[in-house]
Amino acid sequence: MWSQLEPTAPHVAYLTLSLFLIIYALFSLFIRNVLHLSEPPLAVLYGIILGPNVLNIVTPRQWGMNDQILQEVTRIIVGVQCFAVGIELPKHYFRRHWPSVLYFLGPIMTFSWAITAFFAYFIFQTNIPTALIIGACLAPTDPVLAASVLSKSRFSQRVPKRLKHLLSAESACNDGISFPFLYIGLCALKYSSTGEAVKEWILITVLWQCVFGVTLGLIIGNCANRLLRFSDQRGYISKPSFVVFYLLLAILSVGVGSFLGSDDFLVAFGAGVGFAHDGWFAKKTKELPFPTIIDLILNSTLFVFFGSIIPWNNFHPTYVTPKCGIWQFALFLTLVLLFRRIPVVLAMKRFIPDIRTYREALFCGHFGPMGVGALFLAMEAKWNWSRGVECHRRVLSISIRLGVRRTIHLFWPVICFVVLGSTIVHGLSTVVISLGGSIARSSGERAPLLGQETDALEHMDHDVGDGGSEPDVSGTDED
């Protein structure tokens, strides 16, 4: 009888992942609306418990899940999420709100990159290129975690729509915008000549990956919109095929971007914006909860795997990284969470049109989670280092090769520790905010249960339309 059991790696994965998703689905409304929890912290905790350090049931590394597989999985998930944000934003959103988004992608993200690199340089006693790379990995807001925290729930209904749209647009753009920051450190580490480094950074990173990537995405999205309209007007496509088209176009965008060596996240986001620019697709699929399905299946699955591959054994000093103890990691995480975004968003509040009060600035500064995008950028950096060292082994000096080795041993534990901390902190923030607001009220004004709080968050501008500057449904004809 026991010989019939086949506990192979794929079979264990099917069993454990589906079990978590089923349990979460059964209690999803209770978890989101009463407990004010999102799925990423629960998925990470589930992965830790089933991982090699506790029950040793889910062991992706032993199953053969190497860095290349992890990079491709994160590439698809982040790319699909960026495409989904482009679809869900109100039509012509960037025509009206480009100044606010530009401030977040420009000075705010630059500050986040610089201050994070500064903390990494002094706390871990590393070199400047390595610190710049760590800063670039952790500078962008993760679209996967942002979507999980701000997705449809009782808490998100208490937040002005313009803030949710702003954070969504920023999170979808800045994973792609982070490539120029990432390649500043990579080029500095790889080239001894400043001229060669600047040349590659401008021609390849800025022009080819970013400018060409977003332009290509917009072209793909607009062409796909016209093709789908043509098919729908002639009755060639069924309703379920709209959902299939959505997912396949997102994957196609990622595939085109990665095949051409461009910025696949900007290609995917540009395709989403171009595809849904007139709101027609959003109208046609208004009742199809496809983004929720993506969040539940793809995103939760990845966070379970992340919980099982956290490198706990690397959170201590080694001869290569002597300044990487648990206290250094904890100090770095605390400083990043406190100073990476909050001070600069507060300082620039008066310049950002969509932020009207200092409480809104504090909210937007805090909700800049670091997650799947940071893992992908870390894998991208490692892949470039490995390829660069292998291709130029004969011409690279010993000091450069040793610097690359130290960087590889340092950056992955740092990124994983910060992603773990951000997932927990930002995943539980909705609980803390709701609890704090409830306690601050007099006993007669409080809702009977924390989950029944429906009043708008205080000290935020909730004007007509619940503070939203857009129609409720993306694609309506209202302005």
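Side-chain atoms are counted along with the backbone in the values below, which use heavy atoms only and exclude waters and symmetry mates.
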What pair of heavy atoms forms the shortest contact from Pro413 to Asn314, and how long is it?
CG-CB, 3.6 Å

Which heavy atom of Trp201 sits nearest to which heavy atom of Pro180, and what is that distance?
NE1-O, 2.7 Å

Going by atom types alone, do [X] and [Y] pair a side-chain donor with an acceptor below 3.5 Å?
X: Tyr103; Y: Glu170; value: no
X: Asp175; Y: Ser178; value: no
X: His409; Y: Thr318; value: no
X: Asn299; Y: Gln81; value: yes

Does OH in Tyr121 sit with more than 12 non-hydrogen atoms of other residues, nucleotides or ligands closer than 6.0 Å?
no

Within a 6.0 Å radius of atom CZ on Phe339, are there more than 12 heavy atoms belonging to other residues, nucleotides or ligands?
no

Please verify the inter-ring angle class for [X] with [Y]; under 30° counts as parallel, over 60° as perpendicular, anything in between as tilted.
X: Phe315; Y: Phe417; value: perpendicular
X: Phe306; Y: Phe303; value: perpendicular
X: Trp63; Y: Phe305; value: perpendicular

Is Arg162 paired with Glu360 through a side-chain N to carboxylate O contact shorter than 4.0 Å?
yes

Check each of Val206, Leu186, Ile184, Leu377 against Phe179 using the side-chain contact (heavy atoms from CB on, under 4.5 Å) test, and report the only one that passes.
Leu377

Taking salt bridge (charged side-chain N to carboxylate O under 4.0 Å, His left out) as the cut-off, I'd like each qualifying pair that reaches into residues 65-78, sequence neighbours left out, listed once.
Arg61-Asp67, Asp67-Lys382, Glu72-Arg75, Arg75-Asp264

